[in-house]
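As the structure is a prediction and not an experimental result, all values here were calculated from the model.
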Amino acid sequence: MAGPLLGPALARQDSLAPLLANLRAVANGAVALTLPRPLLALADRVLARALPVERKALTGPVLQAAVQTSGLFLEANRAQGAPAPPQADLKGALQTLRDHLLPLVLSASSPEAGRAGSLPASSTASAQTPGGDVTAKPTPPRRDGAPVPQPIAEPTLSAGDKPLTVVGTLLEQTQAAIDRITLSQYASLPAEGTRPEAQQGQRWLTEIPLAFHNGAAMLPLQIEREPPRREVDAAAGPLWRVRFALDVEPLGPLQGVVTLQGRSVGITLWAEREDTSRLLRGASPGLEAALADARFENRSIDIHTGQPRIAQPTAGQFLDRMS
């Protein structure tokens, strides 16, 4: 029944990457507006949520901690009496940033906008390519959809922007990022009308920001857990499947799926560029050797050029109530 309530979130949602690009520009002094020091500290906390993958290996424990603090479990942890500090969770940090930006927007807006409590319209809240073209928002996360690559975004704010444009854009992008996390949480709920939860698989959707020297890209993840399908599989335990997507230069768009059941592992990668596929194939013997050293069995690594075949989305997850 939550679907009809998500219309505003569907309309506003956007990748976190554009916000991170503008927050980085503000932190680096590329935007002339001087924000209050507490707000700058909150912006730094949001930027710090991006994993510095060029300086620190993206290990299993690091990725696990990032998923746990990605905002996906924020309300569930609070309901269980285990709330984390806002800065320790991505969604919590974004909510705190939004709550500090809103008074600035209302004070900088016209009296009419302030009395109405509405946000100022801004045409700069979408990501831009280096050429200045506004890019489309990524499709909303769906429980049966493919992960959507979200590359590094260019900042849309500049030194000559007025204070209302700066704080208004940051507020819109912050709310859009919060809405996208909310949609990921909804898409992670069990499908309605299915078998009892104990008998069906579980799926979690989330997105992790990755920091590179030239900006931050998003790593969308779909984590699935399926119970053993046959008695002979029971000893091996559940089947885990992780799907991901990434778009960073010079590799370009990548998608992949990693499966694990017991000590059996399989890795399939799709690269849209033939040069990248060739590079990955050349690196696969080293990956296979690393898996062998870690005592994984039945190791399979497949590299393809192109995109994985996408199943047709199930109708009805989000009702079409955008207005």
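When side chains are defined from C-beta on, T259 does not count as touching W240, because their heavy atoms never get closer than 4.5 Å. Two residues are said to be in side-chain contact when any heavy atoms from C-beta on lie closer than 4.5 Å; E207 and L221 fail this criterion. Side-chain contact between L205 and L183: absent, with no pair of heavy atoms (C-beta onward) separated by less than 4.5 Å. Using a 4.5 Å heavy-atom cutoff, the side chains of N22 and V31 are not in contact. Side-chain contact check for Q173 versus L16: every heavy-atom pair is 4.5 Å or farther apart. In this structure, the side chains of L39 and L97 come closer than 4.5 Å at one or more pairs of heavy atoms. Under the 4.5 Å side-chain criterion, counting only non-hydrogen atoms from C-beta, I301 is not in contact with R281. Looking only at side-chain heavy atoms (C-beta outward), V248 and P151 stay at 4.5 Å or farther from each other.
If you chain together hydrophobic residues whose side chains sit under 4.5 Å apart, W270 and I303 never meet in one group. Placement of L23 and L164 within a single hydrophobic cluster is found when ILVMFWY residues are connected by side-chain heavy-atom separations under 4.5 Å, directly or transitively. In the hydrophobic clustering of this structure, V167 groups with L102; members are Ile, Leu, Val, Met, Phe, Trp, Tyr whose side-chain heavy atoms approach within less than 4.5 Å, directly or through other members. No continuous path of hydrophobic side-chain contacts links L63 to V257 [ILVMFWY only; heavy atoms under 4.5 Å]. By the rule that hydrophobic residues join a cluster once side-chain heavy atoms approach within less than 4.5 Å of another member, I223 and L254 end up as members of one cluster.
With rounding to the nearest 0.5 angstrom, the CG atom of L10 is 9.0 Å from the CG atom of D179. With rounding to the nearest 0.5 angstrom, the OG1 atom of T156 is 9.5 Å from the CD atom of E172. Note that the CE atom of M218 and the CD atom of Q150 stand 5.5 Å from one another [nearest 0.5 Å]. With rounding to the nearest 0.5 Å, the separation of NZ in K56 from CG in L51 is 8.5 Å. Here the CG atom belonging to L269 is positioned 11.0 Å from the CG atom belonging to L246, to the nearest 0.5 angstrom. Within the model, atoms CZ of R12 and CD of Q175 stand 4.5 Å from one another, a figure rounded to the nearest 0.5 Å.
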Go through E75 and K91 one step at a time and tell me if the salt bridge (charged side-chain N to carboxylate O under 4.0 Å, His left out) criterion holds. CA-CA 10 Å; E75 289 81 4; K91 187 177 182 182; 2.8 Å; yes
R243 and Q255: CA distance, side-chain angles, deciding distance, side-chain contact (heavy atoms from CB on, under 4.5 Å) verdict: CA-CA 8 Å; R243 304 180 189 274; Q255 295 190 56; over 6 Å; no
Intermediate values then yes/no, side-chain contact (heavy atoms from CB on, under 4.5 Å), L280 and L287: CA-CA 10 Å; L280 294 174; L287 176 57; over 6 Å; no
What do the steps show when you test T69 against R49 for side-chain hydrogen bond (donor to acceptor under 3.5 Å, both in side chains), and what is the final call? CA-CA 9 Å; T69 58; R49 302 306 307 168; 2.6 Å; yes
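Nearest heavy atom pair, residue V148 against residue A245, reads C-CB, 4.2 Å. Between I208 and S70, the shortest heavy-atom contact is CD1-CB, 3.8 Å.
A salt bridge links R273 with E249; the closest basic N to acidic carboxylate O contact falls under 4.0 Å. Salt-bridge check for E224 with R203: passed, with a basic side-chain N closer than 4.0 Å to an acidic carboxylate O.
Neither side chain, S264 nor E297, offers a donor N or O lying under 3.5 Å from an acceptor on the other.
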